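So that the names make sense, note that chain A is the first sequence line, chain B the second, and so on, each numbered from 1. The model shown is predicted, which means the values in this text are computed figures rather than measured ones.
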Number of protein chains: 2
Amino acid sequence: MSEHLKLNNQLCFRIYKLNKSVTKLYVPLLKKLSLTYPQYLVMLALWEVNQPVSIKKLCIQLELDTGTLSPLLKRMEALAFIKRVRSTKDERLVLIELTAKGKHLKKEAELIPAQLFCSTGLTKEELVMLQQSLDSLLNNVKLHS
Amino acid sequence: MSEHLKLNNQLCFRIYKLNKSVTKLYVPLLKKLSLTYPQYLVMLALWEVNQPVSIKKLCIQLELDTGTLSPLLKRMEALAFIKRVRSTKDERLVLIELTAKGKHLKKEAELIPAQLFCSTGLTKEELVMLQQSLDSLLNNVKLHS
DNA sequence: TAAAATTATATTGCGCACAATGTAAATTAA
DNA sequence: TTAATTTACATTGTGCGCAATATAATTTTA
């Protein structure tokens with residue numbers, strides 16, 4: 001059998017497994033915050049901008065489409081982490097803003113990145129280099145899609 | 001705002017985006033074979049062993065659980081790529097085997113890896129090094145989970 | 001300004017992905 | 001050998017992730 005189709009030679013399979021494994025590291029930590037992993041990504045985006053953002057902008061930043069984010073944000077609103085407010089300037093826009101509860105959650109989340117970094121077993125230099133490799137690969141992949 | 005919680009500093013977010021982007025490269029290629037991406041992984045596993053395999057072994061190799069694989073394999077059987085056969089030696093086991101249609105599909109799939117490699121923009125040496133980096137990271141992550 | 005095109009969001013449908021639960025067969029222990 | 005445990009698989013329920021479609025608001029064009 002040629003090497004090309006062997007499962008363990010596929011870069012995609014490594015990335016696929018790595019993504020699942022890394023996500024699983026987050027689950028027990030995020031459970032304490034009552035967040036799922038994609039919801040955590042939304043919270044990171046919101047904490048960072050610190051002002052209302054349209055769903056459209058979140059879609060772009062998170063590289064998710066409205067079919068994913070729209071129901072996800074509804075669940076997050078039901079959990080009272082965010083509010084969904086129709087923009088008055090442009091009635092097409094729904095602006096997402098943090099509630100007080102959502103803002104307070106940031107304190108607890110600040111413990112997470114260090115724990116994750118530890119689990120990678122990487123040095124800071126190795127982490128930076130890997131980030132660059134992945135960025136470069138991501139750019140190439142997007143060029144071809 | 002501290003750097004630690006910024007979305008674009010998260011290794012996990014890069015891996016998350018990369019996984020989605022790489023998967024999307026496969027979709028148009030796999031559509032010609034009437035396969036989804038996880039179904040393609042199953043086919044890779046089956047082509048490689050070239051004999052009936054239990055669902056349990058597929059679960060281990062693909063790092064998926066029965067809740068994912070069981071319905072996925074049913075869909076693949078409905079597409080006539082595989083057959084599900086109850087083992088006579090151990091009646092708990094369901095063995096998955098390729099149909100003639102499933103075996104023939106390998107020919108068409110052999111064109112895929114080279115196309116994907118091209119889309120990565122990597123040299124063979126870079127690919128090997130990245131695979132090693134990801135394997136190492138995956139091992140570390142698994143140690144901590 | 002009225003019609004056409006675009007934009008932002010929501011919804012539907014399908015396929016993962018996984019935790020939790022159920023069940024039948026096989027193994028182990030008593 | 002019967003009872004308890006383990007193993008393999010299936011099912012249920014929930015949450016993504018995305019293609020396809022629908023709708024209302026805005027912008028562009030004629």
So does Ser70(A) get a side-chain nitrogen or oxygen closer than 4.0 Å to the phosphate oxygens (OP1/OP2) of dA10(C)? yes
Kindly say whether Met43(B) contributes a backbone atom to a donor-acceptor pair with the side chain of Glu48(B) at under 3.5 angstrom? no
On DNA chain D, does the nearest nucleotide to Thr66(B) precede the nearest nucleotide to Tyr16(B) from the 5' side, or the other way round? Give the residue. Thr66(B)
Of the nucleotides dT7(C), dC18(C), dT27(C), which has the atom closest to the Arg92(A) side chain? dT7(C)
Measure CD/Glu77(A) against P/dT9(C) and give the value in whole Å, please. 14 Å
Rounded interatomic separation in angstrom, taking CG from Leu62(A) and P from dT9(C): 13 Å
Might you work through the side-chain contact (heavy atoms from CB on, under 4.5 Å) test for Leu62(A) and Thr68(A), ending with a clear yes or no? CA-CA 11 Å; Leu62(A) 298 171; Thr68(A) 300; over 6 Å; no
Measuring to OP1 and OP2 of dA10(C), would you say a side-chain N or O of Arg84(A) lies under 4.0 angstrom away? yes
Within this structure, what is the CG-to-P distance between Leu64(B) and dC16(D), rounded to whole angstrom? 19 Å
Taking atom C1' of dC18(C) as reference, at what distance in whole Å does atom NZ of Lys17(A) sit? 18 Å
Give a yes or no on this: more than 12 heavy atoms of other residues, nucleotides or ligands lie within 6.0 Å of atom NZ of Lys142(A). yes
So Lys74(A), base contact, sugar-phosphate only, or nothing? Heavy-atom distance under 4.0 Å. sugar-phosphate
Starting at atom OH of Tyr37(B), determine the distance to atom C1' of dC14(C), rounded to an integer number of angstrom. 19 Å
Taking OP1 and OP2 of dA8(C), is either one under 4.0 Å from a side-chain nitrogen or oxygen of Arg86(A)? no
Proximal nucleotide (of dG15(D), dT27(C), dT11(D)) relative to the Arg75(A) side chain: dG15(D)
Counting heavy atoms from C-beta on, name the nucleotide in dC16(D), dG17(D), dA26(C) closest to the side chain of Glu91(B). dA26(C)
Under 4.0 Å from OP1 or OP2 of dC16(C): is there any side-chain N or O of Thr36(B) that close? yes
Closest-nucleotide 5' rank along DNA chain C - winner of Pro71(A) and Lys20(A): Pro71(A)
Atom-pair distance (OH on Tyr26(B); P on dC16(C)), nearest Å: 16 Å
Under 3.5 Å: donor-acceptor pair, side chain of Gln131(A), backbone of Asn9(B): yes
Under a 4.5 Å side-chain heavy-atom rule over Ile, Leu, Val, Met, Phe, Trp and Tyr, are Met129(B) and Leu138(B) clustered together? no
Is His144(B) atom NE2 crowded by more than 12 heavy atoms from other residues, nucleotides or ligands, each under 6.0 Å away? yes
Between Asp90(A) and Leu93(B), name the one whose nearest nucleotide on DNA chain D is closer to the 5' end. Leu93(B)
Which is true for Leu69(A) with a 4.0 Å heavy-atom rule: it touches a base, it touches only sugar-phosphate, or it touches nothing? nothing
Is the distance from OP1 or OP2 of dC9(D) to the nearest side-chain N or O of Lys56(B) less than 4.0 Å? no
For the pair made of CG in Leu72(B) and C1' in dC18(C), what is the distance, rounded to whole Å? 14 Å
Would you kindly give the CG-to-C1' distance between Asp65(A) and dT12(C), to the nearest whole Å? 13 Å
